[in-house]
2 protein chains.
Amino acid sequence: MTEPRWLDEHEKAAWIAFLSATNLVNRRLEQQLKDDAGLSHTQYEVLVQLNAADGGALRMTELADRLVTSKSGLTYQITQLERAGLVFRRSCPSDVRGVFAEITDQGREMLRLAAPGHVEAVRHALIDVLSPDQLAHIAEGLGEVARRLRS
Amino acid sequence: MTEPRWLDEHEKAAWIAFLSATNLVNRRLEQQLKDDAGLSHTQYEVLVQLNAADGGALRMTELADRLVTSKSGLTYQITQLERAGLVFRRSCPSDVRGVFAEITDQGREMLRLAAPGHVEAVRHALIDVLSPDQLAHIAEGLGEVARRLRS
DNA sequence: ACACCGTGTTTCAAATTTGAACAACAGAGT
DNA sequence: ACTCTGTTGTTCAAATTTGAAACACGGTGT
């Protein structure tokens, strides 16, 4: 068993910063959305994705992939959003197994109301903290990280 | 009500990369630790913190702050780790209310066994994907993000 | 000594998340 | 048509997470 390649000082600093920042940012945004709009971050992202999607609808699996969540977790959240009238299920014409989640007018309205506060929170927690240069580096680096992990 | 400062193209790209990468990395590491060591990421981080701490022990609140988790959540996880024999509780001499979580020899051994695979996974998911330059930018940027959110 | 406010931890119920098992179907190859 | 293999979405039980409330105590000011 060969000695593992431990993280050097710089790598460890980057890893700790990554861990802390991601946890703190997520926690902050979760709280902001819950307080201001009564939505979880996952639910908010569902609405964002559906709102931006063609026809305001996406297949369950496609949506789960985009949100990086489990399929069963999405089933639960869509049920919650359906109860709240922000989303509804519609079966897929071309595939009997398939289910579309589609955003309702009320869902779009909820997004309109929640978005400004959320964007402000994202700015305050992350975007406005970084210089344009730092932001570009992070976009490129983390973009590559995400790309590779989707294989 | 003034128009919110929406994210421009670059900012949005950075935000999406951040969201995707953090979710994917967390999910990957969670899975690796569970498969290889039977630990959740939170549990692993508890062991890391205690192992590095002076005397192998930390107060509950201090530990919760470092892990960026709720105090009740930590109570639960420490109980789990205690059952597994990796950690034990010890009351604080100077403050009757206080509780120390202390790592056991078995806990240190578990860490020794789990660390190599975990480091390898961290490298594969994040560190080795980035150039030293990108890593430095991310460490600095996200370090600042974390620092600000701890206030 | 005493009242008061703040801190440290746990308990509790409710919400969420997960993977495995399941049921129903699609699609390719024969 | 038919068998196989892989997908799709849901259900289920178990594990985890959360905030609010409860509890017990510390520390300060009077």
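So you know, we letter chains A, B, ... as the sequences are listed, proteins then strands, and number each from 1.
- Between the P atom of C:dG8 and the CG atom of B:L63 lies a distance of 14 Å, rounded to the nearest Å.
- Nucleotide C:dT18 holds its C1' atom 13 Å from the NZ atom of A:K71, rounded to whole Å.
- Under the 3.5 Å distance criterion, the side-chain polar atoms of B:T69 are left unmatched by any main-chain donor or acceptor of B:D65.
- Across the protein-nucleic acid pair, B:H41 atom NE2 and D:dT16 atom C1' stand 16 Å apart, rounded to whole Å.
- Contact annotation: B:Q80 reaches the phosphate of D:dT16 (side-chain N/O to OP1 or OP2, under 4.0 Å).
- The shortest non-hydrogen separation linking B:L67 to A:N23 is O-ND2, 4.0 Å.
- Nucleic acid contact for A:T61: sugar-phosphate only, since backbone atoms but no base atoms lie under 4.0 Å from a heavy atom of the residue.
- Interface residues of residues 82-93 of chain B facing DNA chain D, ordered by number: none; criterion, heavy-atom separation under 4.0 Å.
- For A:T75 against D:dG9, a side-chain-to-base donor-acceptor contact under 3.5 Å is absent.
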Under the salt bridge (Lys or Arg N to Asp or Glu O under 4.0 Å) criterion, do B:E62 and B:R66 qualify, and how do the steps go?
-> CA-CA 6 Å; B:E62 170 67 15; B:R66 296 200 193 186; 2.7 Å; yes
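- Position along DNA chain D of the nearest nucleotide to A:L74 versus A:R97 favours A:R97 as the more 5'-ward residue.
- Between the side chain of A:S70 and the base of C:dG19 there is no donor-acceptor pair of N/O atoms closer than 3.5 Å.
- Each of B:M60, B:R59, B:R89 was scored for a side chain to side chain contact (heavy atoms under 4.5 Å, CB included) with B:F100, with one residue passing: B:R59.
- Residue B:L39 contributes atom CG, which lies 18 Å from atom P of C:dT18 at whole-angstrom precision.
- Rounded to a whole Å, the CG atom of B:L33 is 14 Å from the P atom of C:dG19.
- Atom CD of A:E102 sits about 11.5 Å away from atom CD of A:E82, to the nearest 0.5 Å.
- Regarding contacts with the backbone of C:dT18, a side-chain N or O of B:R27 is found under 4.0 angstrom from either OP1 or OP2.
- Taking atom NZ of residue A:K34 and atom C1' of nucleotide D:dT17, one finds them 12 Å apart after rounding to whole Å.
- Nearest-nucleotide mapping onto DNA chain C: of A:S40 and B:D95, the residue sitting toward the 5' end is B:D95.
- Here A:T42 does not reach the OP1 or OP2 of C:dT16: none of its side-chain N or O atoms lies under 4.0 Å away.
- Counting only heavy atoms from C-beta on, A:Y76 has its side chain closest to C:dT16 among D:dG26, C:dT16, C:dT10.
- At a threshold of 4.0 angstrom between heavy atoms, the contacts of B:G98 are confined to the sugar-phosphate backbone, with no base atom among them.
- Relative to the side chain of B:S72, the nucleotides C:dT17, C:dC12, C:dG8 differ in distance, and C:dC12 lies closest.
- Taking only side-chain nitrogens and oxygens, B:Q77 comes nearer than 4.0 Å to OP1 or OP2 of D:dT17.
- At a cut-off of 3.5 Å, with distance as the only test, no side-chain donor of B:R97 or B:S91 sits close to an acceptor on the other residue.
- When rounded to the nearest whole Å, the span between CZ of B:R59 and P of D:dG26 equals 11 Å.
- Under a 3.5 Å cut-off, the side chain of A:T104 and the backbone N or O of A:L86 do form a donor-acceptor pair.
- B:I78 places its CD1 atom 18 Å from the P atom of D:dA15, with the value rounded to the nearest Å.
- Heavy-atom minimum distance, B:L50 versus B:A101: CD2-O, 3.3 Å.
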